[in-house]
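Down below is the structure, laid out as structure tokens.
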Amino acid sequence: MSVIDSVGPGRTRRWLAGLSQLPVVVICAMCFMALMLFVAAFAQLVQPYAFDHVDLMNRMTPPVPLSGATWTHPLGTDTLGRDLLSRLLVAAQTSMLLSILGTVLGAVMGIALGFVAAHKGGLWDEVIMGLVDFQAAMPWFIIALAILAFMGNSMVIFIGIMALYGWETYARITRGLVLSAREQGYALAVRGLGGKPSRVYVHHILPNIAGPLIVQLTINFPSTILFETSLSFLGLGIRPPMTSLGQMLGDGRDYLINAWWLAVIPGMVIFLTTLSMSVLGDWLRIKLDPSLET
Amino acid sequence: MTALLHAESLRKSYQVGRRSLFRKARRFNAVDGVSLTLERGETLGIVGESGCGKSTLSRLVLGLSPCDEGGVVFDGTPLPGQDTEAWRRLRRRVQLIYQDAAGALDPRQTIRTQIEEPLRIHGLPLERAQKAMADVGLVPAMGSRHPFELSGGQLQRVVIARALTLNPDLIVMDEPVSALDVSIQAQIVNLIQDLQRDRGLAYLFVTHDLSVLRHVSDRVAVMYLGEVVEEAPRDAFFDGALHPYARALLEAVPVPDPARRSRAAPRIGDPPNPAAPPPACRFHPRCPFATDVCRAERPALRDFGGRRAACHRVEELSQ
Amino acid sequence: MTWISLKLLRALVTMWLVLTFVFFVLRLSGDPTMVLLPDDVDQATRDFYRAKWGLDLPLWEQYTSYLRALLQGDFGVSFRNNLDAFQVVWERVPKTALLGLASIAVALLIGMPLGVLAAVYRNSWLDRIVMSIAVFGFSMPNFFLGILLILIFSLKLRVLPSSGSGTWQHLIMPAATLGTGFAAQIARYTRSSMIEVLSKAYMRTARSKGASLGQRVVRHALPNASVPVVTVLGIKIGEMLGWAVVTETVFAWPGIGRLLTSAVATRDLAVVQCIMIILAFTMVMANMLVDLIYGWLDPRVRVGRRAQA
Amino acid sequence: MTLALVGESGCGKSMTCLAIAGLLPKRGRVAGGALRIEGRDLCALSEKDARTLRRRSLSSVFQDATGGLNPVRSIGWQVAEAVRLRKGATRREAQAEAVRLLGRVGLPDPERRAREYPHQFSGGMNQRAMIALAIAGNPKLLIADEATTALDVTLQAQILDLIADLRESLGMGVIFVTHDLGLVAQNADRVAVMYAGRVVERADVADLFAAPRHPYTRGLLASLPERQRKNERLSTIPGTVPTIDALPPGCTFAPRCPRASERCAADVPEMALGYACHHPLTPAPAPVVRREREYS
């Protein structure tokens with residue numbers, strides 16, 4: 001009997017016991033996000049058809065519960081006879097990857113700049129906070145729209161724009177958290193014991209501000225998804241031949257009268273993703289910081 | 001032998017409000033020309049009301065914040081610059097303990113980790129932590145707890161243990177028992193005094209509570225709006241202060257004895273805003289004995305046979 | 001008042017930065033003549049138009065002459081139909097303003113009372129229902145909400161027009177679409193700031209005076225709780241403008257947003273820039289308005305400003 | 001008359017006050033007992049009648065005066081509101097009354113100060129304003145819950161003088177809640193000592209300080225630095241105050257009590273003869289002569 005064998009089941013059981021105490025809504029949200037992450041990773045492996053496989057014989061077939069549907073295309077087909085399920089999987093993958101990338105880039109940039117502003121102070125602080133104010137004062141969605149329209153279909157620019165969306169929130173929050181954590185008794189006390197600033201940051205400030213930053217990440221993620229899907233919806237973000245949830249919805253909008261599901265199904269997926277993320281974010285926030293109860 | 005600590009004409013000012021494009025920020029002196037001396041194994045009590053600069057002074061003395069003017073000499077050498085290697089080494093000899101023990105501990109780390117932290121920082125043997133815990137009356141089992149699981153008195157013991165691990169010569173105590181209940185306060189006061197006796201520690205004991213001060217200190221200094229207005233040996237001070245403010249302070253303390261009731265509180269009005277202290281003698285607007293000279297000239301701290309006071313009218317009033 | 005002039009200075013700097021940023025990004029992104037003129041136009045014609053629109057000059061000179069023109073109130077001409085760009089944009093402003101104000105009204109009139117109720121009856125069923133609706137509300141992408149509304153009310157029930165403007169019926173769905181998300185956010189912010197205020201010591205004082213629940217909420221809690229809500233409203237104005245573009249597209253509402261989407265599609269530089277300036281101006285003005293309301297609500301801010309001036 | 005309610009943090013003295021004033025938070029409720037004001041039992045009255053009775057006859061002052069005043073309303077407005085709610089005066093009358101009250105509590109230039117806001121006042125001035133607010137409508141009973149704890153000693157003495165002065169001129173009763181035995185000795189006529197949610201001893205102030213009967217009272221008095229000789233170790237009460245959710249059975253003080261027996265761990269001592277203890281300390285040999293006091 002190895003040690004791991006005797007520890008393993010106990011740990012798993014405890015983990016499961018912890019899970020069963022969660023609210024049902026949170027479990028549902030977790031499952032849906034897990035599904036979305038799975039799709040983001042393995043869409044190509046599970047799709048029944050290639051997402052751009054055109055089949056003009058089978059155009060606009062409805063999804064399964066409706067009459068005229070077949071199990072060969074469970075969610076039906078679009079105007080060019082492309083399998084909606086396959087398209088949906090690939091579109092969800094694109095949207096998820098883009099949003100994750102955008103959120104992470106924005107968060108890393110914002111957190112780093114926030115740290116620098118708080119640590120260096122003086123001119124650094126002024127300049128970085130000036131940039132933050134400027135970013136917050138711009139109608140960024142609209143500027144992004146103009147840039148994308150004029151710059152054309154470039155993935156790099158699109159990701160850059162997504163990263164610039166929301167970075168200022170992280171910067172402002174990080175700076176505030178670091179400044180207040182540094183004035184906390186324990187940070188001052190460690191300095192008084194002879195600890196170097198690096199020790200104070202790494203051992204004390206970072207663990208204490210990580211919680212609020214993670215919460216901010218979960219709060220920002222839904223708006224990043226909405227940012228991406230809205231631009232694609234307007235035909236400016238992800239454009240054919242690639243596809244994303246917003247773009248599918250934008251295309252489907254023209255067929256509302258004959259084939260409402262072309263718009264409603266991708267719309268539901270976007271909605272459920274943002275909803276799950278918001279539910280998780282709320283739950284995490286209360287869990288990590290009970291004093292923030294809102 | 002030189003004194004353990006000597007501070008000369010310390011001055012520290014802070015900015016009031018935000019600096020703007022069009023005008024310079026107003027500054028006020030939180031500590032204004034304070035000098036003090038502390039011998040080994042001695043306790044100097046510093047008393048004053050809120051905003052008198054006593055907490056700022058305690059940080060200046062330790063070198064935790066730089067002073068604008070004046071200097072501090074610790075054990076014959078001036079305090080090194082902030083955050084230098086020498087400054088960090090000095091931390092082994094001077095320590096600060098303040099009122100908010102819960103805030104001084106990292107909420108995420110166990111008690112043991114935090115008591116051992118100074119030893120890790122300075123590369124000292126970790127066994128010292130156990131000794132320190134035993135010295136302050138903490139059972140080893142406490143080590144695995146987190147700060148939120150401990151009571152206020154226990155937390156203050158943890159903070160004291162953490163300071164003791166480094167075997168300091170001087171501990172500055174900034175209101176160490178003010179947040180505690182009377183019965184717990186007595187426990188901590190006893191602990192502090194036992195440690196001083198056993199280890200020969202010197203204390204700078206900063207508080208607003210005259211009754212605790214009377215119990216622990218050898219000498220007393222009274223601060224008012226950034227200045228020391230009186231300094232005296234303990235017994236002499238409590239038998240009769242020289243400065244009118246120190247007298248008012250002594251009179252205002254409620255004596256826990258219903259047989260000694262005094263119905264007349266010193267009528268000295270509300271304290272002024274510490275950020276805008278009055279000119280000349282800073283106490284003159286509230287002083288019942290103020291004369292023209294008090295309104296015109298700032299009194300110096302003068303010697304009166306082993307005690308010092310900063311008042312123009314000491315001689316007349318002590319008659 | 002120094003405070004006001006400082007604010008104005010900041011606003012001007014922000015606007016200048018925005019328009020400079022937009023100018024350079026758009027000029028660097030390609031040649032408008034490639035899109036506006038047919039592909040087979042000869043080089044001479046192309047050069048003629050480039051010269052006519054000042055596109056042949058060095059970038060720096062284009063920028064300075066653009067700024068100079070702006071200061072004289074000249075926003076340039078639309079490449080597409082040679083009309084004054086400002087005129088083209090200005091025609092659309094009332095429609096967007098109508099939509100925006102209606103949505104803000106929806107957001108405040110629904111969000112604030114619900115947030116207050118949820119806070120006062122905290123942890124009750126009412127609170128849970130309101131907060132669940134709020135989570136749904138701000139997770140709902142507004143283009144999707146718009147499409148759902150069109151499906152239900154225009155295509156199935158046939159009670160409301162799906163696009164265009166003119167009557168009050170036209171306004172209902174766009175305003176609801178744009179307002180819902182903000183109502184949800186405002187409900188949440190109002191609730192959390194009310195909860196904080198209700199726990200303050202002065203609320204206990206009001207209670208010990210013998211003030212009723214209604215008096216306490218209206219006279220004591222609301223003025224305090226609305227301060228952070230107003231701040232949030234100011235921050236969200238920019239987001240709202242973005243959503244307005246989407247909403248206008250969904251409902252074919254003839255406002256600035258629709259104009260913007262068509263202008264970027266045709267690379268109508270002057271019009272796009274003019275829209276940017278007007279939107280940036282709107283945001284700056286909105287933020288100043290928020291500051292004024294802020295001072296009106298909170299005497300601490302007011303006194304601070306007087307001290308600065 | 002002044003009754004002092006004294007005890008350490010978490011002993012339930014503030015909750016007692018809030019219960020009397022009817023300000024308990026939603027989660028709490030009065031589990032039982034009677035509360036009589038001028039002969040009428042508040043607990044037996046309907047909620048509405050109780051509120052009316054409270055509004056007419058009692059008011060409270062708390063520790064955090066600056067937090068107790070609404071930051072967006074002027075001081076005058078807040079005092080005037082109290083006048084209106086308690087007396088039903090017109091707006092103008094209430095305003096005039098508010099200015100008069102602010103002057104009565106010793107605010108210089110009350111006319112101008114009434115127009116200012118709490119953040120423009122110092123802590124001491126705010127506490128004066130809170131007192132003005134509390135005496136609006138001439139209450140019969142004033143509850144001062146740690147009302148001077150946050151203030152500096154010199155200021156504290158002046159505020160206490162003010163309360164004593166008002167008590168005499170308005171004929172109020174004062175319940176004085178504090179943890180500071182010095183303040184009790186200086187200001188109270190009668191004292192109730194609380195420990196872990198219960199009153200453990202009740203006595204005239206002179207008797208209590210001269211000859212405490214409950215071991216907790218004695219321990220408390222003994223741990224005061226003022227009552228020791230200099231340079232001596234302070235006598236202490238071992239252990240810590242139990243938290244309200246983990247009270248020991250029987251006498252709550254038993255685990256810390258030097259006189260505790262098995263009986264103490266099992267039976268809750270009843271309040272009789274002014275103390276709740278199975279093994280009270282013997283009173284001082286010569287009974288303390290009760291002096292007639294002039295305080296009303």
Side-chain angles (χ1 to χ4, degrees), chain B residues 47-52 150-154 177 179-191 193-194 208-218 234-235 238 245 248-274 286, chain D residues 7-11 106 108 122-125 128 150-162 164 179-189 191 204-210 216 219-228 230-241 243 256:
Chain B
V47 66
E49 298 180 300
S50 49
C52 73
L150 272 59
S151 69
Q154 287 167 330
V177 296
L180 303 175
D181 278 322
V182 200
S183 63
I184 310 299
Q185 177 174 314
Q187 294 173 7
I188 301 293
V189 167
N190 282 342
L191 172 68
Q193 289 196 297
D194 291 347
H208 70 277
D209 186 340
L210 278 166
S211 56
V212 171
L213 202 68
R214 177 178 205 165
H215 198 78
V216 300
S217 59
D218 301 310
R234 190 247 324 254
D235 292 340
F238 282 97
Y245 173 68
L249 210 55
L250 282 172
E251 276 171 39
V253 177
V255 185
D257 183 357
R260 277 164 53 201
R261 280 200 182 190
S262 63
R263 280 295 306 274
R267 296 207 172 272
I268 57 173
D270 284 12
N273 178 5
R286 302 175 73 193
Chain D
E8 297 180 295
S9 54
C11 72
S122 69
M125 283 156 72
R128 285 179 200 272
L151 303 175
D152 285 328
V153 262
T154 51
L155 206 55
Q156 163 173 293
Q158 294 173 66
I159 296 288
L160 286 171
D161 267 8
L162 172 66
H179 67 280
D180 186 336
L181 287 158
L183 291 182
V184 174
Q186 293 293 319
N187 294 284
D189 300 316
V191 188
D204 267 19
V205 68
D207 299 343
L208 187 94
F209 278 81
Y216 174 65
L220 211 54
L221 288 173
S223 56
L224 291 176
E226 293 95 334
R227 290 172 72 93
Q228 320 258 324
K230 288 167 246 170
N231 298 334
E232 247 174 37
R233 283 177 62 83
L234 296 174
S235 91
T236 65
I237 306 174
T240 53
V241 181
T243 51
R256 300 176 72 189

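Worth knowing before you read on, the calculation uses all heavy atoms, side chains too, and leaves out hydrogens, waters and symmetry mates. Order of the sequence lines sets the chain letters (A, B, ...), proteins ahead of strands, with each chain counted from 1.
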Check [X] against [Y] and note the closest heavy-atom contact, atom names and distance.
{"X": "D/Ile237", "Y": "B/Gln187", "result": "O-NE2, 2.6 Å"}
{"X": "D/Pro225", "Y": "B/Ser211", "result": "CB-O, 3.5 Å"}
{"X": "B/Glu49", "Y": "D/Leu155", "result": "OE2-N, 4.5 Å"}
{"X": "D/Glu8", "Y": "B/Asp181", "result": "OE2-CB, 3.2 Å"}
{"X": "D/Ala157", "Y": "B/Ala252", "result": "CB-CB, 4.1 Å"}
{"X": "D/Val205", "Y": "B/Pro258", "result": "O-CG, 3.7 Å"}

| Part of D/Pro238 within contact of chain B (heavy atom distance under 4.5 Å) |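 It is the backbone, since no side chain atom gets that close.
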| field | Sequence-distant partners of D/Asp180, side-chain hydrogen bond (donor to acceptor under 3.5 Å, both in side chains), two or more places apart | value |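 Here no residue qualifies.
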| task | Taking side-chain hydrogen bond (donor to acceptor under 3.5 Å, both in side chains) as the test, write out the residues that go with D/Asp152, two or more places apart. | result |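 Listed in chain order: B/Ser50.
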| query | D/Thr154 versus B/Arg286: any side-chain heavy-atom pair under 4.5 Å? | reply |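 Counting from C-beta outward, D/Thr154 and B/Arg286 do come under 4.5 Å.
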| Should D/Arg233 and B/Asp194 count as side-chain neighbours, where that means a heavy-atom distance under 4.5 Å? |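 The answer is yes; the side chains approach within 4.5 Å.
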Quick one: [atom1] on [X] to [atom2] on [Y], what's the gap to the nearest 0.5 Å?
{"X": "D/Leu234", "Y": "B/Gln185", "atom1": "CG", "atom2": "CD", "answer": "8.5 Å"}
{"X": "D/Thr240", "Y": "B/Leu180", "atom1": "OG1", "atom2": "CG", "answer": "12.0 Å"}
{"X": "D/Leu224", "Y": "B/Ser183", "atom1": "CG", "atom2": "OG", "answer": "10.5 Å"}

| query | Checking B/Arg260 against chain D: side chain, backbone, both or neither under 4.5 Å from a heavy atom? | reply |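 Backbone only.
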| message | For B/Asn273, which atoms come within 4.5 Å of any heavy atom of chain D: side chain, backbone, both, or neither? | response |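 When you check distances to chain D, no heavy atom of B/Asn273 falls under 4.5 Å.
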| message | Tell me which of these, D/Gly239, D/Gly124, D/Ser235, has more heavy-atom pairs under 4.5 Å with chain B than the rest. | response |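 Of the candidates given, the most pairs with chain B belong to D/Gly239.
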